[in-house]
Amino acid sequence: MIQPKLVGPKAGAIKYDVLTALNLIGLHGAPVDQVSMQRLSTLITARYNWRREELSIGQRDMARMLCVTERTIKREVKRWTDRKVLICTRA
């Protein structure tokens with residue numbers, strides 16, 4: 001299945017659908033999932049590049065943005081990749 005790029009007409013609606021899905025996962029999950037999905041939604045809103053389809057931000061910047069430690073970010077990224085909510089293409 002070929003996935004369309006999330007740019008151009010109707011792209012805004014698809015972007016909102018992605019963010020809504022993440023928030024729903026958080027709302028219906030355990031308390032740890034609620035915080036985790038909220039953090040991911042914040043990062044996507046702030047730093048996701050929809051044209052290149054990637055979230056490119058360093059762990060230090062993530063930690064500073066979310067007011068947590070770098071170790072917390074490492075655990076969060078591991079949680080997101082384990083749940084397949086986020087796919088890591090480059091370390």
Participant: Would you indicate whether the side-chain heavy atoms of R39 and W80 approach each other to under 4.5 Å?
Facilitator: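 Answer yes - side chains close enough.
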Participant: For a 4.5 angstrom cut-off between non-hydrogen side-chain atoms, does L40 reach E76?
Facilitator: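 Not touching, per the 4.5 Å side-chain cut-off.
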Participant: How about M65 and I57: do any of their side-chain heavy atoms sit closer than 4.5 Å?
Facilitator: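 Result yes, sub-4.5 Å side-chain heavy-atom pair found.
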Participant: I'd like to know if the side chain of T72 reaches the main chain of V68, judged simply by a donor and an acceptor atom lying under 3.5 Å from each other, with no hydrogens or angles considered.
Facilitator: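 No: the side chain of T72 does not pair with the backbone of V68.
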Participant: Is any NZ, NE, NH1 or NH2 atom of the basic residue among D61 and R64 found under 4.0 Å from an Asp or Glu carboxylate oxygen of the other?
Facilitator: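 Salt bridge flag = yes for R64 with D61.
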Participant: Using 0.5 Å steps for rounding, measure from the CD atom of E54 to the SG atom of C88.
Facilitator: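 If I round to the nearest 0.5 Å, the distance is 11.0 Å.
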Participant: From I73 CD1 over to L43 CG, what is the distance, rounded to the nearest 0.5 angstrom?
Facilitator: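 So the CD1 of I73 and the CG of L43 are separated by 6.5 Å.
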Participant: Side chains of T42 and M62: closer than 4.5 Å at any heavy-atom pair?
Facilitator: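 Heavy-atom side-chain distance check fails, nothing below 4.5 Å.
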Participant: Just verifying a value: how many Å separate R60 CZ and E70 CD, rounded to the nearest 0.5 Å?
Facilitator: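 So the CZ of R60 and the CD of E70 are separated by 5.0 Å.
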Participant: Do M37 and R83 come close enough that some side-chain heavy atom pair is under 4.5 Å?
Facilitator: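 Of all side-chain heavy-atom pairs linking R83 with M37, at least one is under 4.5 Å.
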Participant: Does atom CZ (R75) have a neighbourhood of more than 12 heavy atoms from anything else shown, all under 6.0 Å?
Facilitator: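 More than 12 heavy atoms, drawn from other residues, nucleotides or ligands, come within 6.0 Å of this atom.
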Participant: So if you build clusters from Ile, Leu, Val, Met, Phe, Trp, Tyr with side-chain heavy-atom gaps below 4.5 Å, do L86 and I25 land together?
Facilitator: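 Result: yes, single cluster for both.
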Participant: Quick one: does S36's side chain have a donor or acceptor within less than 3.5 Å of a partner on V32's backbone?
Facilitator: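 Checked: no pair found.
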Participant: Is there side-chain contact between Q38 and L22, with at least one heavy-atom pair below 4.5 Å?
Facilitator: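 A side-chain contact is absent here, since even the closest heavy-atom pair is not under 4.5 Å.
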Participant: For the backbone of L19 and the side chain of N23, can you confirm whether one donor and one acceptor N or O come within less than 3.5 Å of each other?
Facilitator: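 Side chain of N23 to backbone of L19, a donor-acceptor pair under 3.5 Å: yes, one is there.
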